[in-house]
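Single-structure report; data block below.
Worth saying up front: this structure is predicted, and the values here are computed from it rather than measured. Heads up: numbering here begins at 1 and tracks the sequence.
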Amino acid sequence: EQSEAQYRSLFTENPQPMWILERDSCTFLAVNQAALAQYGFGAEEFMSLNGRDLMLPSEVTVFLQDLARPCHGVESRGIQKHCKKDGTLIDVEITAADLVYRDVPARLFLAQDVTERRQREMELRKIHRVETIGNVAGGVGHHFDNLMTIIEGYTTELLEKPVDLKSAEYLQHIRAAVARGSSLTRQLLTAGGRQLVQPEAIDLNRLIKNEGPTLRRLLGTEIDLQIDCSAAVPYLLGDRHLLEHILVSLVENARDAMPNGGTLTVGTATIYVDDTQVESGHPGKSGDF
């Protein structure tokens with residue numbers, strides 16, 4: 001009796017969440033205090049449950065298949081998702097051992113909550129993935145930048161020589177394409193941490209008007225481009241090359257959404273965001289933008 005009491009105490013007071021489950025019916029035969037605290041149930045509540053009740057409905061079949069597979073000694077049975085009393089889902093690392101308890105085939109479960117540990121591991125993997133993508137982007141951007149520099153150099157050299165008007169126009173198109181390619185290169189280098197964004201005071205109206213010829217070529221003959229810039233727009237602080245790339249991307253998206261042609265208007269305006277809009281979910285703060 002004394003020995004049995006000692007073993008029962010070792011089970012009941014053990015800091016690791018544990019329970020014993022009858023393998024045939026999935027009814028609980030015993031549970032310790034740590035498991036009750038982990039799942040949020042009282043002793044009577046927990047003992048009235050079935051082992052399936054801790055599982056997600058989609059994982060019950062896998063759980064029953066695992067329960068039918070014998071344990072050879074103490075075995076790790078992987079990580080399962082369990083439901084607490086309040087509905088919270090937790091990741092639980094299961095260690096199990098088969099035994100005979102009260103004359104019936106049973107299984108002892110040790111269920112360690114590893115939710116926080118797995119979240120930390122996922123965050124570390126995400127950081128590593130971002131670093132890897134950054135390194136790849138930076139490397140590609142560096143080589144692409146070298147190619148753009150070569151094309152730009154030869155284009156400039158050809159433009160300095162006498163050429164017919166049509167050839168000069170083609171060379172100007174090439175130079176404009178190189179400029180856009182260089183803008184993309186700077187984005188890759190920025191993503192890779194190899195080049196910082198270079199903010200400067202920019203006249204957005206002038207930037208849009210300067211890009212007008214390039215935008216019209218992108219739109220083709222079926223779409224008419226209208227530029228409508230408000231005179232009240234102040235200078236803004238930004239990276240010129242990134243803004244040019246954004247403008248080109250917006251126009252290309254608009255072109256793809258207008259298969260039957262039409263009129264595309266690119267314009268600027270100053271808007272005022274008041275406190276009411278901010279309170280209703282508008283990002284940022286009130287003021288002129």
Rounded distance (nearest 0.5 Å) linking atom [atom1] of [X] with atom [atom2] of [Y]:
| X | Y | atom1 | atom2 | result |
| --- | --- | --- | --- | --- |
| Asp203 | Arg240 | CG | CZ | 8.5 Å |
| Asn205 | Tyr235 | CG | OH | 9.5 Å |
| Met148 | Ile151 | CE | CD1 | 4.0 Å |
| Ile90 | His82 | CD1 | NE2 | 7.5 Å |
| Arg120 | Arg118 | CZ | CZ | 12.5 Å |
| Arg77 | Cys71 | CZ | SG | 3.5 Å |

Working note: Ile271 + Asp288, criterion side chain to side chain contact (heavy atoms under 4.5 Å, CB included); need CA distance, chi angles, decisive distance, verdict. CA-CA 6 Å; Ile271 63 168; Asp288 290 314; over 6 Å; no
Heavy-atom donor-acceptor pair, [X] side chain to [Y] backbone, under 3.5 Å:
| X | Y | result |
| --- | --- | --- |
| Glu121 | Glu116 | no |
| Ser9 | Ala5 | no |
| Asn50 | Ser25 | yes |
| Arg255 | Leu218 | yes |
| Asp98 | Gly73 | no |
| Thr268 | Ser230 | yes |

Heavy-atom pair of closest approach, residues [X] and [Y]:
| X | Y | value |
| --- | --- | --- |
| Ala176 | Arg217 | CB-NH2, 4.1 Å |
| Ala168 | Leu159 | O-CD2, 4.1 Å |
| Ala201 | Leu237 | N-CD1, 4.1 Å |
| Gln38 | Gln112 | OE1-C, 4.5 Å |
| Gly42 | Leu36 | O-CD2, 3.7 Å |
| Pro213 | Asn210 | CD-O, 3.5 Å |

Could you see if [X] belongs to whatever hydrophobic cluster contains [Y]? Use Ile, Leu, Val, Met, Phe, Trp, Tyr and a side-chain cutoff under 4.5 Å.
| X | Y | result |
| --- | --- | --- |
| Leu29 | Val31 | no |
| Leu99 | Val104 | yes |
| Leu225 | Val251 | yes |
| Val248 | Ile202 | yes |
| Ile223 | Ile208 | yes |

Test side chain to side chain contact (heavy atoms under 4.5 Å, CB included) on Val266 and Leu247 and set out the steps. CA-CA 9 Å; Val266 177; Leu247 179 61; 4.0 Å; yes
Decide, yes or no, whether a salt bridge links [X] with [Y] under the criterion of side-chain N to carboxylate O below 4.0 Å.
| X | Y | value |
| --- | --- | --- |
| Lys81 | Glu59 | no |
| Arg117 | Asp91 | no |
| Arg107 | Glu22 | no |
| Lys209 | Glu211 | no |

Any [X] side-chain heavy atom under 4.5 Å of [Y] side chain:
| X | Y | result |
| --- | --- | --- |
| Val62 | Asp66 | no |
| Cys26 | Asp53 | no |
| Glu222 | Pro259 | no |
| Leu215 | Leu264 | no |
| Leu243 | Asp239 | no |
| His128 | Arg125 | no |
| Leu54 | Phe46 | yes |
| Met18 | Phe11 | yes |

Side chain to side chain contact (heavy atoms under 4.5 Å, CB included) between Thr61 and Gln65: does it pass, once the steps are laid out? CA-CA 6 Å; Thr61 300; Gln65 291 172 347; 3.7 Å; yes
In terms of ring plane angle, is the pair Trp19 and Phe109 parallel, tilted or perpendicular, where the classes change at 30° and 60°?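 Correct class here is parallel.
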More than 12 non-hydrogen atoms from neighbouring residues, nucleotides or ligands closer than 6.0 Å to [atom1] on [X], yes or no?
| X | atom1 | answer |
| --- | --- | --- |
| Tyr7 | OH | no |
| Leu165 | CG | no |
| Glu200 | CD | yes |

Worked verdict on Val92 versus Tyr39 for side chain to side chain contact (heavy atoms under 4.5 Å, CB included): CA-CA 11 Å; Val92 178; Tyr39 291 93; 3.9 Å; yes
[X]-[Y] side chain donor-acceptor pair, cut-off 3.5 Å:
| X | Y | result |
| --- | --- | --- |
| Thr156 | Glu152 | yes |
| Asp224 | Gln226 | yes |
| Ser286 | Asp274 | no |

